[in-house]
A.B. asks: 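Just dropping this structure here.
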There are 2 protein chains.
Amino acid sequence: MDLQLPPTLRQLRVACSQCNLMELCLPVGLSEEDVARIEELIGTRRKLKRHQALYEVRSSFQALYAIRAGSFKTTIVLEDGREQVTGFQMTGELLGLDGISTGLHVVSAIALEDSEVCVIEYARLEALAREIQGLQAQFHKVLSREIVREQSVMMLLGTMRAEERLAVFLLNLAQRFAARGFSGTEFRLRMTREEIGSYLGLKLETVSRTLSHFQEEGLIEVQHKNIRLRDRERLRALIQAPLSH
Amino acid sequence: MDLQLPPTLRQLRVACSQCNLMELCLPVGLSEEDVARIEELIGTRRKLKRHQALYEVRSSFQALYAIRAGSFKTTIVLEDGREQVTGFQMTGELLGLDGISTGLHVVSAIALEDSEVCVIEYARLEALAREIQGLQAQFHKVLSREIVREQSVMMLLGTMRAEERLAVFLLNLAQRFAARGFSGTEFRLRMTREEIGSYLGLKLETVSRTLSHFQEEGLIEVQHKNIRLRDRERLRALIQAPLSH
DNA sequence: ACGATGAGTTGACCGCCATCAACGAAAACG
DNA sequence: CGTTTTCGTTGATGGCGGTCAACTCATCGT
């Protein structure tokens, strides 16, 4: 998500009615007229309760979903039952991009808390993107950004140690909370240790131990799902030079 | 890449001049007229020698590249120098999608052998995609497919053991060679053990050992960079039930 | 052709994280 | 409100793959 929003963009966000559709509705260079047209895109809204699936693997792809409130995880499963969390999404982020490729979803999207999404019918989006250049450009950027995000996760999973993975994870969450106007220092984890571990390629015990370790080192405070970052700089430094103990 | 090409598509491929632009030039439902227009897209061609960079990290993004001949790796680097291979690309696949997001490339693309690419100026592609619905749809699918591919790599890195990772890697390569009309049973690795290891989150020694292990088990034959698959089924089975030894 | 250099193999040892297990605490349920 | 279940923490132990090292074998350049 873009952090530094020029003033003009803030206006656009307001113009885009009540919807926090940051990623799709905030392209630079859209006229007010275009913004109005984009509102046509938003079809129904959908509310989900905690643990409810927005869509399941193998279900047919019809729409993208912009998260209006709440948060989600996406998970992929192997035939033998092994499951992996491939991402955590929060307000303003898009879900469903995985389905464009084949017309079937390859991941499931599960609400981590009671949430609400805007349904964006994909056929309409494609049609409108053909007419509004700025929308097309922005949509491509969103797709590419997801590719880039996943590449950095590959890097994390391929080369980093447990401590580094957790540090990256916490700093990333903090940044995203801050970008949404929440505290980037104190926040509540929406997911369990097991889900964090699954995302980071670690076991839940390792996640728990590493968080405790961070606390002992004075880097963070942990109280169940509540996290407080106490020393961002050392946390950041840790990514390049793991703690020697 | 799509394997089952309906007859009409074979014609299109021929129509798309000499170019093997499978992913972009083979959308279903393009009229002959549209195909002709797509040819406008192809600007210059570029030849690269082994080890030469098609583009580097942080270089400005201007174009996508369709591989006409040869193969590439894409790599990402951390500040501390750690490097990871994020993908191997071969004939007919697209390079450069990572740059759309920010206008700067976040990976480097390096030729694994002497290679040739078609340069597709991105601005032109976007313009043409606005006019030709089939091209737009196909382009979105290519982007989404890359997202899906990376998700399966995340799964591999997050949950699989060394043996399983290698098995997945070999079977995937075999499938892609086969899809290009080459043997899916006997092929030559274009990359080193170190590059394979980097991609799979393993050290080169582990790659080497595991390949030797496969050979002892009669699953494959290895002679330096030449691989021969001897028992695909057991190789595939191994992914769900690692060898007990 | 021939050294020089990079690539690959194999062995010995070790460390990080998984595994197994027990306990404690919070939250969800009726 | 109390009970059950899920979630989280911590300890003990072990194994997979990393690390260090030595050696062999291609490949490439001059």
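By convention in this document, chain letters (A, B, ...) are assigned in the order of the sequence lines, proteins followed by strands, and residues within each chain are numbered from 1.
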A.B. asks: For D:dG18, take OP1 and OP2 only and decide whether either is under 4.0 Å from a side-chain N or O of B:T206.
C.D. replies: yes

A.B. asks: Rounded to whole angstroms, how far apart are CD on B:E113 and C1' on D:dT27?
C.D. replies: 16 Å

A.B. asks: Between B:R161 (CZ) and D:dG18 (C1'), how many Å, whole number?
C.D. replies: 15 Å

A.B. asks: Rounded to whole Å, please give me the gap between CD in B:Q223 and C1' in C:dG8.
C.D. replies: 13 Å

A.B. asks: B:L189 CG to D:dA26 P: how many Å, rounded?
C.D. replies: 16 Å

A.B. asks: Let me know the distance between CE of B:M160 and P of C:dA18, rounded to the nearest Å.
C.D. replies: 16 Å

A.B. asks: Which nucleotide in the set D:dC16, C:dT19, D:dT9 lies at the smallest distance from any side-chain heavy atom of A:R193?
C.D. replies: D:dT9

A.B. asks: Looking for any heavy atom pair under 4.0 Å, which part of the strands does B:T192 touch: base, sugar-phosphate only, or nothing?
C.D. replies: sugar-phosphate

A.B. asks: Does a side chain donor of either B:S115 or B:E113 reach within less than 3.5 Å of an acceptor in the other side chain?
C.D. replies: no

A.B. asks: Of the candidate nucleotides D:dG18, C:dT10, C:dA28, which contains the atom at the shortest distance from the side chain of A:R50?
C.D. replies: C:dA28

A.B. asks: Hey, is A:R82 close enough to B:E164 for a salt bridge, meaning N to O under 4.0 Å?
C.D. replies: yes

A.B. asks: Quick one: which of D:dG18, D:dT9, D:dA12 gets closest to the side chain of A:R209?
C.D. replies: D:dA12

A.B. asks: Send over the distance from B:L166 CG to C:dT9 C1', rounded to a whole Å.
C.D. replies: 14 Å

A.B. asks: Can you check whether A:M191's main-chain N or O pairs, donor with acceptor, with A:K225's side chain at less than 3.5 Å?
C.D. replies: yes

A.B. asks: Starting at atom CG of A:L211, determine the distance to atom P of D:dT9, rounded to an integer number of angstrom.
C.D. replies: 7 Å

A.B. asks: Whenever both distances are under 3.5 Å in a Watson-Crick or G-U wobble pair, mark it; put DNA chain C into dot-bracket that way, with [ ] for crossing pairs and | when the partner is on another strand.
C.D. replies: ||||||||||||||||||||||||||||||

A.B. asks: Please confirm whether the ring centroid of A:F187 lies under 6.0 Å from the ring centroid of A:F182.
C.D. replies: no

A.B. asks: Do A:S60 and A:Q62 have side-chain N/O donor and acceptor atoms under 3.5 Å apart?
C.D. replies: yes

A.B. asks: B:H224 has a side chain; which of D:dA26, D:dT9, C:dC17 sits nearest to it?
C.D. replies: D:dA26

A.B. asks: Answer yes or no: does atom CD of B:E194 have more than 12 heavy-atom neighbours from other residues, nucleotides or ligands under 6.0 Å?
C.D. replies: no

A.B. asks: Salt-bridged, B:E150 to B:R145, with N to O below 4.0 Å?
C.D. replies: no

A.B. asks: Please tell me whether A:H105 and A:E56 have a donor and an acceptor in their side chains that are separated by less than 3.5 angstrom.
C.D. replies: no

A.B. asks: Could you tell me whether the phosphate oxygens of C:dT10, OP1 or OP2, come under 4.0 Å of any side-chain nitrogen or oxygen in B:S208?
C.D. replies: no

A.B. asks: Choose from C:dC17, D:dT10, C:dT10 the nucleotide whose nearest atom is closest to any side-chain atom of B:E205.
C.D. replies: C:dT10

A.B. asks: If you take the centroid of each ring, where Trp contributes its six-membered ring, are A:F72 and A:F88 closer together than 6.0 Å?
C.D. replies: no

A.B. asks: Look at the side chain of B:K203 and decide which nucleotide, out of D:dG8, D:dT19, D:dC28, has an atom nearest to it.
C.D. replies: D:dT19

A.B. asks: Which residues in residues 194-202 of chain A have a heavy atom closer than 4.0 Å to any atom of DNA chain C?
C.D. replies: A:G201, A:L202

A.B. asks: Give the rounded distance in Å between these two atoms: CD of A:E164 and P of C:dC16.
C.D. replies: 12 Å

A.B. asks: So, A:T74 and A:T86: side-chain donor and acceptor under 3.5 Å apart, yes or no?
C.D. replies: yes

A.B. asks: Could you say whether B:V222 or A:L204 is positioned toward the 5' end of DNA chain C, judged by the nucleotide with the nearest heavy atom to each?
C.D. replies: B:V222

A.B. asks: Ignoring the backbone of B:K225, work out which of D:dT27, C:dA7, C:dT19 is nearest its side chain.
C.D. replies: C:dA7

